[in-house]
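Notes follow once the structure below has been shown.
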Amino acid sequence: MPRSASTDGCTNAACCPERTRPSTTLSLIILLSVLSWTEYSPGVSPFVQVLAGVGIPAAAGIMNFVVLTAALSACNSGIYSAGRMLRGQSARGEGPRAFKGLSGRQLPLPALTLSVLVMGIGVVVNAVSPDKAFVYITSVSACAVLWTWSIILVAHLRYRSKVRAGLLPATDFRMPGAPVTNWIALASLVFVVVMMALSSDTRRGLYVWAVWFIALTIGYQAAQRRHPQSALTQQ
C-alpha cells in the first residue's frame, strides 16, 4: 500500500508527528478481521485475497492494478532517492568518487545506474526462483526495517534519559507508555528475528543482512581512515 506524506507545510511525521496515524496497523487489523492469518498465501496480495474472499472478484483485479502502479511509483522514487543519497555521500567523501559525477542535465547518472543495477537483482532472483522470490526479497528488506526501528527505539531511550538529566529539552509529543513501550517494541522485534531464523526461507534474509552489515562496517572504517575530518566522523 502506498504511503502519502506531504513535504509542504506541517503535514508529515518529521514536522508534526502528533498528526500521524497508525495506518499500517489499522490495515493489518482490517485484513486479519476478514481472514485468518493462516489463509493468506505468500504469492498473492493480501488485499486481493480479502476482496476475492468477500465475493468481489472485479475489485480484486482493480486492486492488483493499483498495487502494481504503486509498486512502479515506489521503484521510480526509490531509484532516484537512492541515487541522490549515494551521490551526496560521494560528494562528502563518504563513498566512491565514481558516483560523484553529474550528467549534462545535472542528474547523478553514475549513482542512478548503480541503483538500477542493484534493483535488477530482484529480477534475477525472480527468474531463478519465481516461487520463492517474494519471500527472499521481503526477508532482506524486513531485516533493514527491523534494524532501523531498533535504532529508533534505542535512540528514543537515550533521548528520554538525557531529558530526565536536563541535558535536552522535552517535546510535547511523547511516546505513550515510554519507556515500557520501548522495551515491549524491542522485544517484539527480537521475536520477529527469532521467527525468521526458524524458517529456512526467511533465514536467508538474515544471512544476507549479516554479510551486508559487515560490508557496511568495513566501508565505514575505510571512509574514516581516508577522510578523518569528513561529516561522517564529526557526527
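- Between T181 and M175, the closest heavy-atom pair is OG1-CE, 3.3 Å.
- Linking Ile, Leu, Val, Met, Phe, Trp and Tyr whenever their side-chain heavy atoms come within less than 4.5 Å puts L31 and L35 in one cluster.
- No side-chain donor-acceptor contact under 3.5 Å links S129 to the backbone of V125.
- The heavy-atom pair separating S77 from A74 by the smallest distance is OG-O, 3.1 Å.
- The two residues P110 and G101 make their nearest non-hydrogen contact at CD-O, 3.5 Å.
- Between the side chain of T69 and the main chain of F65, a donor-acceptor pair closer than 3.5 Å is present.
- Across R203 and A197, no two heavy atoms sit closer than the pair NE-O, 2.6 Å.
- W183 and L189 end up in the same hydrophobic cluster when Ile, Leu, Val, Met, Phe, Trp and Tyr side chains are linked at under 4.5 Å.
- When all heavy atoms of K100 and R87 are compared, the closest pair comes out as O-NE, 3.0 Å.
- Note on ring orientation: taking the six-membered ring where Trp is involved, the planes of W147 and F213 are perpendicular (angle over 60°, cut-offs 30° and 60°).
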Determine, stepwise, if the pair I214 / I218 fulfils side chain to side chain contact (heavy atoms under 4.5 Å, CB included). CA-CA 6 Å; I214 293 173; I218 295 174; 4.0 Å; yes
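- Closest non-hydrogen pair, T202 versus M195, comes out as OG1-O, 4.3 Å.
- In the hydrophobic cluster analysis, where Ile, Leu, Val, Met, Phe, Trp and Tyr join through side-chain heavy atoms closer than 4.5 angstrom, I79 is grouped apart from L109.
- Hydrophobic clustering, with ILVMFWY side chains joined whenever heavy atoms are under 4.5 angstrom apart, keeps I121 apart from W212.
- Within 6.0 Å of CE in M119 there are more than 12 heavy atoms belonging to other residues, nucleotides or ligands.
- Placement of L51 and V67 within a single hydrophobic cluster is found when ILVMFWY residues are connected by side-chain heavy-atom separations under 4.5 Å, directly or transitively.
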